[in-house]
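The structure appears right after this line, and notes come after that.
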Amino acid sequence: MPPASRSSPKHFLTLVCVALLSVACPGEGTSSSPEGPEPSGTIRLSYPEEPGSLNPILARSPAARDVLRAVLPSFHLVTPNLRYRPFLLASEPSVESTKDRMVVRFRLREDARWSDGRPVTVDDVVFTWRVMTDPELPVAVRDGFEYLEDVEKETAAVGTLVLSPPFAGWRDLFSAGRFVLPKPSTGGTESVGEWDNGPPVAGGPFRLGAWVRGRSIELTANPMFFGPGPLLEGIQIEFVPDATTAVQLLEIGEVDAVAPMLGISWGRRLAAIPGAATSKAYGPDVVHLVLNTPPTADDSMRQRIAEAIDRDRFAEVIVRDEGRKADGVLVPEQKGAVPAWDQYGSRDAPEDLPSDKELTMAYPRGELLDLAARYVQAELERAGGDVELVPLDADAFQGEWLPERRFDLALWESRSGPDAWLTRWFAATGDERVSQLIDEKLTAFLSDVDAGQPQAVTEAQEHLADLVPVLPLFQPKVTMGWRDGVEGIVANPTVDGPLWNSWNWSIEAESA
């Protein structure tokens, strides 16, 4: 008989509540019980992308961030309902702010330990700050750390972040895809450059095990984890880039769970598997069309491209019940979202595009993005344009093509925290800037966003919609699936990804 969670909203809500309660425990000073159940069983998780590196300072791709989420501690955890929950922190910090200075006094959990038994202390936070600001290290995402002037140590567990000027996104310095790093017993910041296979110790619910390139990464239970559980002995992350193959593997029992994928009818196919259960959520996960033009170009060409694409028909025909049209870089679940892009795609007769220049459109190959790319190509060719499609492996797209902007157009899936990373994506000095566009007015708005001025969030979105460095296409429905006997999985559409509550996962012994 299929599990009740497949068809029972009541059971699904119970799972959500249990998972959220588990999240709350680490941030409220609760120690894992020595009398708790011993870890048991291993879940085989199908995951669509292999990370190029597990070095946390190089973690630009979703794959690296997702795996490291289970391995390294962070100040906060981003939950599926877009909340920051204290994780490594014993409680929410106190914040004092003036016009020129912000002081964040924090307390770490005193029972937090690295997997080698050493306590996690303010010294590790200081070390992380120095790593992230070391100009000799190839840090992929430094944004926000230019505001952090000092990390002052009061005791081993109590410290202060000193920011000048104040930075509204201070939580993301040590959370939301970035972590607290273990200070090595010997060596300085330069030692982090050698962590391509991951950090030497863990502070999360799991430790890194064997990494078989091109095949899998093993996670093993960390008995020193400060939170509840973990309930599993391990998680075997198996790389399965094809959505149809992932569904088939779950159906025949070769994997126990599948991470979210951009597959055609993805959620419907998972739900149709006998005995399977699913968890679905909408959140800050958006697929954009990046419109890359030289910094000196005006916005007319980008606007004409945006106007040529019928996004209502795209959502109805291509995405269907696996998502919905996106009208902004923020989604309705995020505070301050403005549907400023709804002006595009509604014209019956858009202006013709020039046919004398072939445009290249790059994207990570996959079922839904392949179909989306062909749709965009057909729409632009209908308007007179000429588009060449360049499907790529995910690691090549994330690691080379996107950061180096080797394209005219690109399909880009973004995930963020409760607030979209507008500065990171669109500022002239943004670490993950997706377009060559540089605009002084936009830069001023983004500076005000960083300073926490609410009206600037609206102004930045409206100006971005006029400039059109990206055209939001659709907001995927983020869906995870698992077979009978697996419990505790809840889809998370934020940057913290599918392993956000992995210590709460379990599998029945007879199903292992």
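Counting begins at 1 with the first residue of the sequence. These numbers come from the heavy atoms of this one structure, side chains and all, not from hydrogens, waters or symmetry mates.
Scanning all heavy atoms of the two residues, the minimum distance from V286 to P472 falls at CG1-CB, 4.3 Å. Here the shortest heavy-atom pairing between L181 and L72 reads CD2-CD1, 4.1 Å. Minimum heavy-atom separation, G481 to L270: N-CD1, 4.0 Å. Between R118 and P182 the shortest heavy-atom distance is NH2-CB, 4.2 Å. When all heavy atoms are compared, the tightest approach of L473 to L411 is CD1-CD2, 3.7 Å. Between V122 and A157, the shortest heavy-atom contact is CG2-C, 3.7 Å.
Judged by distance alone, with hydrogens and angles left aside, the side-chain atoms of D143 form no donor-acceptor pair with the main-chain N or O of G430 at under 3.5 Å. D242 contributes a side-chain N or O that, together with a main-chain N or O of T245, makes up a donor-acceptor pair within less than 3.5 Å. Judged by distance alone, with hydrogens and angles left aside, the side-chain atoms of D496 form no donor-acceptor pair with the main-chain N or O of T79 at under 3.5 Å. A distance-only check finds a donor-acceptor pair linking the side chain of N501 to the backbone of G488 [under 3.5 Å]. Checked by atom type and distance alone, the side chain of E152 never pairs as donor or acceptor with a backbone atom of V162 at under 3.5 Å. A donor-acceptor pair under 3.5 Å is absent between the side-chain atoms of Q334 and the main chain of P332, judged by distance alone. In terms of modelled atom types and a separation under 3.5 Å, the side chain of R406 and the main chain of E404 share no donor-acceptor contact. Within the 3.5 Å criterion, the main-chain N or O of S40 finds no donor-acceptor partner in the side chain of E233. The closest donor-acceptor contact from the side chain of R142 to the backbone of D134 lies under 3.5 Å. Remark: the backbone N or O of Q248 is not paired with any side-chain donor or acceptor of R269 at under 3.5 angstrom.
Defined by atom type and a distance below 3.5 Å, a donor-acceptor pair is missing between the side-chain atoms of T128 and R178. Side-chain polar atoms of T42 and Q236 form no donor-acceptor pair below 3.5 angstrom. The closest side-chain donor-acceptor pair between E367 and T244 falls under 3.5 angstrom. In this structure, a donor-acceptor pair under 3.5 Å is present between the side chains of S74 and R69. A donor-acceptor contact closer than 3.5 angstrom links the side chains of W421 and D172.
Around CD of E110, the count of heavy atoms belonging to other residues, nucleotides or ligands within 6.0 Å does not exceed 12. Heavy atoms of other residues, nucleotides or ligands lying less than 6.0 angstrom from CZ of R65 number more than 12. For K477, the NZ atom is densely surrounded, since the number of other residues' heavy atoms within 6.0 Å is greater than 12.
In this structure, the side chains of F206 and L232 come closer than 4.5 Å at one or more pairs of heavy atoms. Using a 4.5 Å cut-off on side-chain heavy atoms (C-beta onward), E50 and R213 make contact. Contact annotation: the side chain of V470 never approaches that of S435 to less than 4.5 Å [non-hydrogen atoms, C-beta and beyond]. Proximity of L58 to P138: side-chain heavy atoms (C-beta onward) are separated by under 4.5 Å at one or more points. Under the 4.5 Å side-chain criterion, counting only non-hydrogen atoms from C-beta, P93 is in contact with W170. Contact annotation: the side chain of R207 approaches that of P223 to within less than 4.5 Å [non-hydrogen atoms, C-beta and beyond]. Two residues are said to be in side-chain contact when any heavy atoms from C-beta on lie closer than 4.5 Å; N222 and P230 fail this criterion. Considering only heavy atoms from C-beta on, S216 stays 4.5 Å or farther from R44 through its side chain.
Rounded to the nearest 0.5 angstrom, L45 CG and F239 CZ are separated by 10.0 Å. In this structure, the separation between CG on L368 and CE on M261 is 10.5 Å, given to the nearest 0.5 Å. The distance from the OG atom of S46 to the CG atom of L249 is 6.5 Å, given to the nearest 0.5 Å. Here the straight-line distance linking atom OG of S175 with atom OH of Y84 works out to 7.5 Å at 0.5 Å rounding. Atoms CD1 and CH2, from I489 and W482 in turn, are 6.0 Å apart once rounded to the nearest 0.5 Å. Taken to the nearest 0.5 Å, the CD atom of E400 stands 9.0 Å off from the CG atom of L392.
Under a 4.0 Å N-O distance rule, the pair R324/E333 qualifies as a salt bridge. Using a 4.0 Å cut-off between charged side-chain N and carboxylate O, D419 and R171 make no salt bridge. Under the 4.0 Å criterion applied to side-chain N and carboxylate O atoms, R483 and D256 are assigned as salt-bridge partners. Looking at D66 and R415, a side-chain N of the basic residue comes within less than 4.0 Å of a carboxylate O on the acidic one, giving a salt bridge.
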Run D431 and R424 through salt bridge (Lys or Arg N to Asp or Glu O under 4.0 Å) and show every step you take. CA-CA 5 Å; D431 289 327; R424 186 180 299 186; 5.9 Å; no

Residues V478, K280; criterion side-chain contact (heavy atoms from CB on, under 4.5 Å); working and verdict: CA-CA 5 Å; V478 174; K280 306 175 183 181; over 6 Å; no

Please walk me through it: do Y47 and V67 pass side-chain contact (heavy atoms from CB on, under 4.5 Å)? CA-CA 10 Å; Y47 188 88; V67 175; 5.8 Å; no

N197 and L54: CA distance, side-chain angles, deciding distance, side-chain contact (heavy atoms from CB on, under 4.5 Å) verdict: CA-CA 5 Å; N197 290 324; L54 285 176; 6.0 Å; no

For side-chain contact (heavy atoms from CB on, under 4.5 Å), just list the numbers for F226 and L108, CA-CA rounded to whole Å, side-chain angles, deciding distance to a tenth of an Å, and then say yes or no. CA-CA 11 Å; F226 54 81; L108 304 179; over 6 Å; no

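Using bins of under 30°, 30° to 60° and over 60° for the plane-to-plane angle, the ring pair W503/F225 lands in the tilted bin.
Listed by first and then second residue, the ring pair (Phe, Tyr, Trp, His ring centres under 6.0 Å) pairs involving residues 105-146 are F75-F106, F145-F174 (not counting sequence neighbours).
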